[in-house]
Protein chains: 2
Amino acid sequence: MSKKEALLKAAESKVRIGGYGNFSFRELANEVGIKSASVHYHFPTKADLGAALAHQYTNSFLAALGDPVAIKASGKNPIEVYSQLFRSALITDNKMCLCGLLGAESDSLPEQVRTEVKRFFNQNLAWLCSAHAENGDKNPAQSAIATVSILEGAMMISKSLDDNSYFEQVTQTLK
Amino acid sequence: MSKKEALLKAAESKVRIGGYGNFSFRELANEVGIKSASVHYHFPTKADLGAALAHQYTNSFLAALGDPVAIKASGKNPIEVYSQLFRSALITDNKMCLCGLLGAESDSLPEQVRTEVKRFFNQNLAWLCSAHAENGDKNPAQSAIATVSILEGAMMISKSLDDNSYFEQVTQTLK
DNA sequence: GACAACCTACCTACTGATAGGTAAGTTATA
DNA sequence: TATAACTTACCTATCAGTAGGTAGGTTGTC
């Protein structure tokens, strides 16, 4: 793993725990074994790093999701695949969704970062809209918004109350 | 309004925009017209201020909600009253729910603050459980979690995409 | 020799917090 | 009623620590 990748990985963990303000160039540099000034070589400003982080997160999230049409064709429910990805983000990583946290503090974010967060949700909405349409939903756009909302909200509640069973209860509602 | 109240008011605005890290004693002091050192007179530490803020927020939220049994008795749907309070937090204030944002960054918060955020959600869950039970719901506890989740999530999405119509679409699902 | 990937050595701005002081008001005691 | 003791609500000055960022130098690889 390159230093640049290591920086992004360290930053992702910190942001998913405490938001955009929860990481510093110094901390990141210490964790990957370089000096803080060198972080600026890879990412000129903190906003650049934040934007790259959200961009990468969105890409790997979408890649992990796959194609909703293909999922449906293979006999699986794409909505369950979707909620399973949220579940593993919460249970396996024991952390919030990166863009969920950043989205909540959207109004205090540098514009480059906010743009990437918007991209995350727009892509998620498009995916879910397609998925609900495949399931024969009469209002797939509305269902798409309801699905992301309830999953992001359930993550937030589970984190707040430090009990992932809240998330599990909510995902049963989805079935 | 006392200086102490003014400090809390200024802090609430900042936290609802960018989280716990989005306010400093100096900024708050400037806004209310005292020196930053004097803020420590009212709130010994930043964590004390954060906890007081969440505590006050919870109390006024619950007070604004009223009694779900009485609401039902008066012929209104308590769940609509509940979602209306979230709506005004988002539309009127144009800000996130204080405890929603703090809850998302829960793992990076001082314990005193986290405790108050937990209190917010536990009280909300209790209210909603009673409300859903009044409505004849067969699984009021589960419905309660689903209701807060979807509303907090919808706020988050609306903030992220800077478009409150997402919230409106989601609340229609609730009916 | 060119470029990538660092480094040292800074800078300015700001953070929460503390020490010690002051003026005005309240309360208790003789 | 006078005075001492104490409280409230601030103040100035300063602290060590951390923030993001910059200029310019070094090292290793193609």
Sugar-phosphate, base or nothing in reach of B/F23, heavy atoms under 4.0 Å: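 B/F23: backbone/sugar contact only, no base atoms under 4.0 Å.
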Sugar-phosphate only, base, or nothing, as touched by B/S24 at under 4.0 Å among non-hydrogen atoms: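 Sugar-phosphate, backbone atoms only, no base.
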Atom-pair distance ([atom1] on [X]; [atom2] on [N]), nearest Å:
X: B/N22; N: D/dA19; atom1: CG; atom2: P; answer: 16 Å
X: A/H42; N: D/dG20; atom1: NE2; atom2: P; answer: 16 Å
X: B/E27; N: D/dA19; atom1: CD; atom2: C1'; answer: 14 Å
X: B/F43; N: C/dA17; atom1: CZ; atom2: P; answer: 13 Å
X: B/N30; N: C/dG16; atom1: CG; atom2: P; answer: 12 Å
X: B/I34; N: D/dT8; atom1: CD1; atom2: C1'; answer: 13 Å
X: A/F25; N: C/dC7; atom1: CZ; atom2: P; answer: 14 Å
X: A/L49; N: D/dG20; atom1: CG; atom2: P; answer: 10 Å

Please tell me if [X] has a side-chain N or O lying less than 4.0 Å from either OP1 or OP2 of [N].
X: A/S38; N: C/dC7; result: yes
X: A/K46; N: D/dG20; result: yes
X: B/Y41; N: D/dA9; result: yes
X: A/H40; N: C/dC6; result: no
X: A/R26; N: D/dA19; result: yes

Within one Ile-Leu-Val-Met-Phe-Trp-Tyr cluster: A/F167 and A/I17, side-chain cutoff 4.5 Å: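 No, no single cluster joins them.
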Cationic N near anionic O, under 4.0 Å, A/E12 to A/K9: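 Not counted as a salt bridge, because no side-chain N and carboxylate O are separated by less than 4.0 Å.
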Candidates D/dA23, D/dT12, D/dC10 - which lies nearest the side chain of A/A37: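 Of all the options, the side chain of A/A37 is nearest to D/dA23.
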Geometric cation-pi criterion B/K4 and B/F43, 6.0 Å radius, 45° cone: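 Yes, cation above the ring, under 6.0 Å and within 45°.
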Note, A/Q84 side chain near A/K76 side chain (heavy atom, < 4.5 Å):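 They are not in side-chain contact.
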Aromatic ring pairing A/F61/A/F86, orientation class (parallel under 30°, perpendicular over 60°, tilted between):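 Because their plane-to-plane angle is over 60°, the rings of A/F61 and A/F86 count as perpendicular.
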